Amino acid sequence: LNNAGQVCTAAKRFILHEKIADSFLSQFTEAFRMARSIDGALASKGRRPLRIGALFRATPRRASVQEVQAHDWIRRGRDWACPWMRCPTCEAEMLWRQVDLDAGKERLECARPGCGTAADERHLALTRQRIQQQPPDLLFTTTEILNQRLSDHWTRSVFGVGSSRKPFLTLLDEVHTYEGTSGAQAALTLRRWRHLLGAPVHWVGLSATLGDAARFFADLTGASPDRI
């Protein structure tokens, strides 16, 4: 990760989910909270804050009322509630204020009066346009989106395809859910991604219920069992 202000051409860390679930919201919020905990240390070294993004069905293409409405963001008065993040301070909804949306600013603010927690472009990438132009350091997405975007020449560079900067860590959450037909599809997607990257990826799998975890993870990622 080059974190000294230069523009990155690909995200460096990925957290992949098979599908969007309640855990997605809590994990994204916790990741944001942890990223903010090291802002001071990075600033002391002259480095920018870590930025986080989410790329899935609810991610709008650009900053506009039409886009957030089309992607099922919930309206709160004149503002819009982010579907994948809660306030890291008080757990209230985070709102994209209408005034910021009209100005094209990617900024969220806690809905709770008096909280004051906010996040802007230094911390978050809220739209597909921002993710493509300034890939975040950590990107939450799904295997379905990964499969789709690998064929999209506008977005595939976010995943390191055709870019000189390759991802070095991919975390697969709830690995035991990658089974059956959907699991086989996910396994093919991960192999396709690795082939297109032409570079090694460090895979990390999370699960508390797998019996033969090494064999399962090898089948899923295509990694050699003796490397797990």
Side-chain angles (χ1 to χ4, degrees), residues 10-11 13-33 35 50-88 90-112 117-152 154-159 170-174 177-178 182 185-186 189 193:
R13 304 167 182 84
F14 293 85
I15 297 183
L16 289 179
H17 290 247
E18 185 193 10
K19 58 184 178 181
I20 299 301
D22 292 340
S23 61
F24 187 99
L25 188 149
S26 61
Q27 289 179 7
F28 187 95
T29 301
E30 180 61 21
F32 180 87
R33 183 184 294 114
L50 291 177
R51 290 192 305 114
I52 303 177
L55 181 58
F56 66 112
R57 183 184 57 81
T59 307
R61 291 180 177 84
R62 62 188 66 84
S64 73
V65 172
Q66 293 78 11
E67 279 294 312
V68 295
Q69 191 171 25
H71 288 81
D72 299 327
W73 286 47
I74 300 173
R75 187 146 204 167
R76 300 293 189 224
R78 297 185 66 249
D79 307 318
W80 301 84
C82 180
W84 64 80
M85 180 177 172
R86 291 280 183 173
C87 176
C90 70
E91 298 294 332
E93 289 183 328
M94 292 290 282
L95 301 178
W96 199 340
R97 300 293 187 187
Q98 184 72 52
V99 62
D100 290 326
L101 195 54
D102 289 343
K105 294 181 179 180
E106 297 190 15
R107 182 179 184 275
L108 297 179
E109 184 178 318
C110 180
R112 182 178 180 182
T117 299
D120 57 30
E121 288 105 334
R122 297 171 301 164
H123 313 117
L124 288 174
L126 290 178
T127 64
R128 298 174 189 234
Q129 184 178 64
R130 177 78 59 179
I131 289 172
Q132 194 275 335
Q133 293 174 348
Q134 298 177 326
D137 303 300
L138 175 63
L139 183 65
F140 284 72
T141 189
T142 66
T143 50
E144 179 183 6
I145 289 293
L146 174 62
N147 186 43
Q148 293 173 356
R149 297 306 103 188
L150 288 178
S151 299
D152 180 355
W154 189 80
T155 308
R156 68 195 313 205
S157 62
V158 172
F159 296 95
T170 299
L171 188 152
L172 296 155
D173 191 35
E174 301 291 345
T177 63
Y178 291 86
S182 62
Q185 292 172 341
T189 296
W193 185 28

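A quick note: this is a predicted structure, and the numbers were derived from the prediction, not measured.
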- prompt: So, do W154 and R149 sit near enough that their side-chain heavy atoms are less than 4.5 Å apart?
  reply: no
query: So how far is it from T143 OG1 to Q148 CD, rounded to the nearest 0.5 Å?
result: 10.0 Å
Non-hydrogen side-chain atoms of T142 and R57 separated by less than 4.5 Å: no
message: A side-chain contact here means heavy atoms from C-beta on lying under 4.5 Å apart; do I52 and P136 qualify?
response: no
Any side-chain heavy-atom pair of D79 and D100 under 4.5 Å: no
field: From CA spacing to verdict: side-chain contact (heavy atoms from CB on, under 4.5 Å), E91, R112
entry: CA-CA 9 Å; E91 298 294 332; R112 182 178 180 182; over 6 Å; no
query: When you look at V99 and K105, which way does the side-chain contact (heavy atoms from CB on, under 4.5 Å) test go after all the steps?
result: CA-CA 9 Å; V99 62; K105 294 181 179 180; over 6 Å; no
query: Measuring from R86:CZ to T117:OG1, what's the distance to the nearest 0.5 Å?
result: 14.0 Å
- prompt: Between R75 and E93, is there a salt bridge with N-O shorter than 4.0 Å?
  reply: no
Interatomic distance, Q129 atom CD to Q134 atom CD [nearest 0.5 angstrom]: 10.0 Å
- request: Please tell me if the side chains of L126 and W84 come closer than 4.5 Å, counting only heavy atoms from C-beta onward.
  value: yes
message: With rounding to the nearest 0.5 angstrom, report the CZ to CE distance, F32 to M94.
response: 6.0 Å
- prompt: Do E106 and T127 come close enough that some side-chain heavy atom pair is under 4.5 Å?
  reply: yes
task: Can you measure from CG (L146) to CZ (F56) and round to the nearest 0.5 angstrom?
output: 15.5 Å
message: For W73 and W96, take the angle between the two ring planes, folded into 0 to 90°, and tell me which bin it lands in: parallel under 30, tilted 30 to 60, perpendicular over 60.
response: tilted
- prompt: Does E67 reach the main-chain N or O of P60 with its side chain, forming a donor-acceptor pair under 3.5 Å?
  reply: no
task: Return the minimal non-hydrogen interatomic distance between V158 and Q132, and the atom names on each side.
output: CG2-CA, 3.8 Å
query: Quick one: CZ on F159 to CG on L150, what's the gap to the nearest 0.5 Å?
result: 7.0 Å
query: Can any side-chain N or O of T177 pair as donor or acceptor with the backbone N or O of E174 at less than 3.5 Å?
result: yes
message: Taking D137 first and then R51, would you say they form a salt bridge - that is, a charged N and a carboxylate O separated by under 4.0 Å?
response: no
CA sep, side-chain torsions, deciding dist, call: N147, Q185, side-chain contact (heavy atoms from CB on, under 4.5 Å): CA-CA 9 Å; N147 186 43; Q185 292 172 341; over 6 Å; no
message: For a 4.5 angstrom cut-off between non-hydrogen side-chain atoms, does D173 reach Q27?
response: yes
- prompt: Are R128 and L55 side-chain neighbours, meaning at least one heavy-atom pair lies under 4.5 Å?
  reply: yes
